[in-house]
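Because the structure is a prediction, the values reported are computed rather than measured. Throughout, a chain's letter reflects where its sequence line sits, starting with A, and its residues are numbered from 1. FYI, side chains are in, hydrogens and waters are out, and symmetry mates aren't considered; it's all heavy atoms of this structure.
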2 protein chains.
Amino acid sequence: MGQQEGCLSQHFKHYGRLSDSECRRLDGLEGPALAMAKGQVFWREGDAAREFGTLSRGWAYSFRDLADGTRHILEVFMPGDVIGLREFPFKQRLSSVAMLEDGEIRLTPHRRLIEIFRDSSRLTSLCFAVASYQQALLSERLVHLSRRSARQRVAYLLFELYSRTKRNDDSIEDRFRVPLSQQQLADALGLSPVHVSRTLTAFRQEGVLRRLRGWVHLLDPGALEAEGSIVGHLHDEIELVE
Amino acid sequence: MGQQEGCLSQHFKHYGRLSDSECRRLDGLEGPALAMAKGQVFWREGDAAREFGTLSRGWAYSFRDLADGTRHILEVFMPGDVIGLREFPFKQRLSSVAMLEDGEIRLTPHRRLIEIFRDSSRLTSLCFAVASYQQALLSERLVHLSRRSARQRVAYLLFELYSRTKRNDDSIEDRFRVPLSQQQLADALGLSPVHVSRTLTAFRQEGVLRRLRGWVHLLDPGALEAEGSIVGHLHDEIELVE
DNA sequence: CGTACGTTTGAGACTCCTCAATTTCTGTGG
DNA sequence: CCACAGAAATTGAGGAGTCTCAAACGTACG
């Protein structure tokens with residue numbers, strides 16, 4: 001999942017097999033790579049929504065800023081992910097999106113998607129699948145953030161990122177990237193940064209994981225999975241109907 | 001939004017204008033009304049997902065039961081709402097669905113939806129809109145449940161239900177139905193039932209609202225809206241691109 | 001080498017939870 | 001219409017978890 005083109009078809013392949021012509025059809029949608037700098041906000045809540053994006057390099061996140069100054073991170077995107085597809089039917093962005101690090105984004109105008117709708121009900125279903133998977137991630141996070149302890153929340157989010165990393169690259173062992181600061185983890189988990197720090201320290205002292213410079217070394221994946229009471233691996237349960 | 005047919009087109013109209021033939025096309029999808037009893041669970045997490053539903057009478061909710069015995073309510077459905085559309089691309093239900101009261105549901109097999117995809121890119125876009133609106137509600141709830149006080153959570157949920165009620169029936173003044181017990185409100189808000197009770201009592205004593213027999217009498221909508229820091233009315237911001 | 005940012009640690013306060021008892025509501029049968 | 005049983009809601013008291021504020025420490029980058 002690098003700078004090269006083909007991210008879109010790569011991503012869609014998670015949801016069902018693609019013929020060569022369908023791959024070409026999808027990859028033909030991708031615009032040129034736009035360079036994005038760390039911290040850059042490239043969509044803002046309320047902006048006109050005329051295209052969706054594919055993150056071809058770097059990590060990003062979507063967020064909402066509230067009146068009281070707090071920020072909530074809704075989604076964390078990793079390279080290869082599709083961004084903003086759920087806003088396709090609407091005129092405006094429902095959340096802002098910013099880069100966690102330097103990267104590249106390729107845009108696809110919504111009208112190209114409508115062409116797909118006209119041409120291929122198979123690809124239409126896949127678009128639905130992409131959007132639904134993201135919604136499933138959101139639901140899952142809602143469940144895990146509402147009535148759960150800080151330990152459970154942190155464990156859940158780290159395990160989600162671990163699972164998604166493995167989905168993209170099966171060769172991943174126990175080290176994976178988490179380029180979020182503790183402030184950002186806190187904003188994603190609804191905790192204070194201070195308490196995120198305490199929780200991570202506790203996990204380190206218990207020998208569950210170690211964190212350094214944007215990487216997590218998972219010493220005891222089982223313990224983390226149990227702590228987060230992960231029911232099943234979402235991407236295993238989600239299978240596209242043929 | 002009663003027992004009669006036509007719920008589907010009624011619901012879709014929220015997202016864009018429909019021609020007569022499109023209305024007929026949609027309403028032709030609805031199966032016969034199935035009677036459901038209060039408390040009845042008609043989909044269970046993991047069940048095969050072969051159809052979506054339209055709630056033609058009564059209220060319902062979707063939920064997840066966790067290993068530790070807690071339940072989390074993800075969505076609250078009111079008459080006219082579409083249920084389980086987001087599971088269209090998948091084989092299994094991602095959450096269970098149960099009735100809050102007696103009612104009726106009409107089912108539509110997923111393959112009928114694929115026919116729509118083939119026939120009409122306009123209706124395809126509308127399907128996307130229906131799913132995306134529900135996702136927007138979920139995101140909104142995620143934001144409001146994560147780092148907010150009990151007062152803010154309760155205010156937010158009640159105001160969401162108030163707004164959605166008004167979306168369906170503009171003549172609503174200040175009384176609207178909320179057929180959820182405090183236990184169920186707690187399960188939707190990630191609070192204990194005890195604290196929901198205390199919070200509602202506080203609102204009553206402050207003259208914000210009164211609750212009786214599944215109805216809420218809103219004495220001071222502005223106070224509730226401010227308490228929940230509602231940014232804007234979701235359904236105003238969401239407009240389908242033509 | 002200095003500055004800015006991110007992380008760690010400590011102390012006290014506050015919100016919300018749990019447990020338990022009591023009261024009110026709702027529906028049913030006499 | 002009233003009596004009763006079961007469910008739902010209220011109220012109280014004590015405790016656990018997380019927050020805020022503040023200071024010290026570590027790390028990256030100019």
Side-chain angles (χ1 to χ4, degrees), chain A residues 37-39 61 66 68-73 98-102 144-158 177-206 209-217 227, chain B residues 37-39 66 68-73 98 100-102 144-158 177-206 209-217 227:
Chain A
K38 176 173 178 172
Y61 63 101
L66 297 182
D68 59 7
T70 61
R71 165 172 296 191
H72 194 268
I73 294 181
M99 297 300 295
L100 282 166
E101 53 185 1
D102 292 350
H144 282 90
L145 296 201
S146 60
R147 209 156 17 178
R148 306 189 87 61
S149 70
R151 285 177 65 91
Q152 291 175 309
R153 294 184 198 205
V154 172
Y156 170 73
L157 182 57
L158 292 181
R177 250 166 83 57
V178 181
L180 288 88
S181 68
Q182 293 189 3
Q183 172 67 254
Q184 288 161 339
L185 288 174
D187 287 340
L189 294 169
L191 296 170
S192 69
V194 173
H195 208 65
V196 169
S197 171
R198 286 190 223 275
T199 307
L200 287 171
T201 301
F203 281 146
R204 172 161 31 83
Q205 287 171 349
E206 293 164 20
L209 57 82
R210 281 207 311 251
R211 225 175 85 89
L212 52 95
R213 254 162 286 178
W215 287 80
V216 168
H217 191 116
E227 186 75 49
Chain B
K38 175 173 180 172
L66 296 182
D68 60 6
T70 61
R71 165 171 297 191
H72 195 269
I73 293 181
L100 281 166
E101 53 184 1
D102 292 350
H144 282 91
L145 297 201
S146 59
R147 212 164 4 185
R148 306 189 87 61
S149 70
R151 284 177 65 92
Q152 291 175 309
R153 296 185 198 205
V154 172
Y156 169 73
L157 181 57
L158 292 182
R177 251 166 81 59
V178 180
L180 288 89
S181 68
Q182 294 190 1
Q183 173 66 252
Q184 289 161 338
L185 289 174
D187 287 340
L189 294 169
L191 296 169
S192 69
V194 173
H195 208 67
V196 169
S197 171
R198 286 190 222 274
T199 307
L200 287 171
T201 301
F203 281 146
R204 173 161 30 83
Q205 288 172 348
E206 293 165 19
L209 56 81
R210 281 207 311 252
R211 227 176 85 88
L212 52 93
R213 251 164 288 178
W215 288 81
V216 169
H217 191 114
E227 185 75 47

Given DNA chain C, 5'-ward residue of the pair A:Arg147 and A:Gln183, judged by closest heavy atom: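 Comparing both residues, the 5'-ward one is A:Gln183.
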
Pick the nucleotide of DNA chain C nearest each of B:Arg153 and B:Lys38; which residue has the one closer to the 5' end? B:Arg153

Using a heavy-atom cut-off of 4.0 Å across all strands, would you classify [X] as base, sugar-phosphate, or nothing?
X: A:Arg151; result: nothing
X: B:Leu200; result: nothing
X: B:Gly214; result: nothing
X: A:Ser181; result: sugar-phosphate
X: B:Leu212; result: nothing

Heteroatom pairs (N/O) under 3.5 angstrom, protein to nucleotides 13-17 of chain D:
{"unit_1": "D:dA13", "atom_1": "N6", "unit_2": "B:Arg198", "atom_2": "NH2", "d": "3.2"}

Whole-Å distance between [N] [atom2] and [X] [atom1]?
X: B:Leu145; N: C:dC16; atom1: CG; atom2: C1'; answer: 15 Å
X: B:Asp187; N: C:dC17; atom1: CG; atom2: P; answer: 12 Å
X: B:Gln184; N: D:dA7; atom1: CD; atom2: C1'; answer: 12 Å
X: A:Asp68; N: D:dC19; atom1: CG; atom2: P; answer: 14 Å
X: A:Leu185; N: C:dT7; atom1: CG; atom2: C1'; answer: 12 Å
X: B:Leu100; N: D:dA7; atom1: CG; atom2: C1'; answer: 16 Å

Heavy-atom closest pair, residues [X] and [Y]:
X: B:Ala186; Y: B:Pro193; result: CB-N, 3.6 Å
X: A:Pro179; Y: A:Gln184; result: O-OE1, 4.1 Å
X: B:Phe203; Y: B:Glu227; result: CZ-CG, 3.9 Å

Report yes if at least one side-chain N or O of A:Ser197 is closer than 4.0 Å to OP1 or OP2 of C:dT8; otherwise report no.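 For A:Ser197, the contact criterion (side-chain N or O under 4.0 Å from OP1 or OP2 of C:dT8) is met.
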
Tell me whether the OP1 or OP2 atom of C:dT8 has a side-chain N or O from A:Gln182 closer than 4.0 Å. yes

Please write out the pairs of protein N or O atoms and N or O atoms of nucleotides 27-29 of chain D separated by less than 3.5 Å, giving the distance to one decimal.
{"unit_1": "D:dA28", "atom_1": "OP1", "unit_2": "A:Arg213", "atom_2": "NE", "d": "3.2"}

Is the shortest heavy-atom distance from the side chain of [X] to the side chain of [Y] under 4.5 Å?
X: B:Leu158; Y: B:Leu200; value: yes
X: A:Val154; Y: A:Leu185; value: no
X: A:Arg153; Y: A:Leu157; value: no
X: A:Leu66; Y: A:His72; value: no
X: A:His217; Y: A:Arg211; value: no
X: B:Thr70; Y: A:Arg148; value: yes

Among pairs that include at least one residue of residues 180-191 of chain A, which meet salt bridge (charged side-chain N to carboxylate O under 4.0 Å, His left out), considering only residues two or more places apart or in two chains? A:Asp187-B:Arg147

Which of these nucleotides, C:dT18, D:dC19, C:dT9, is closest to any side-chain atom of B:Ser192?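 Of C:dT18, D:dC19, C:dT9, C:dT18 is nearest to the side chain of B:Ser192.
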
Please figure out whether A:Val196 or B:Thr201 has its closest DNA chain D nucleotide nearer the 5' end. B:Thr201

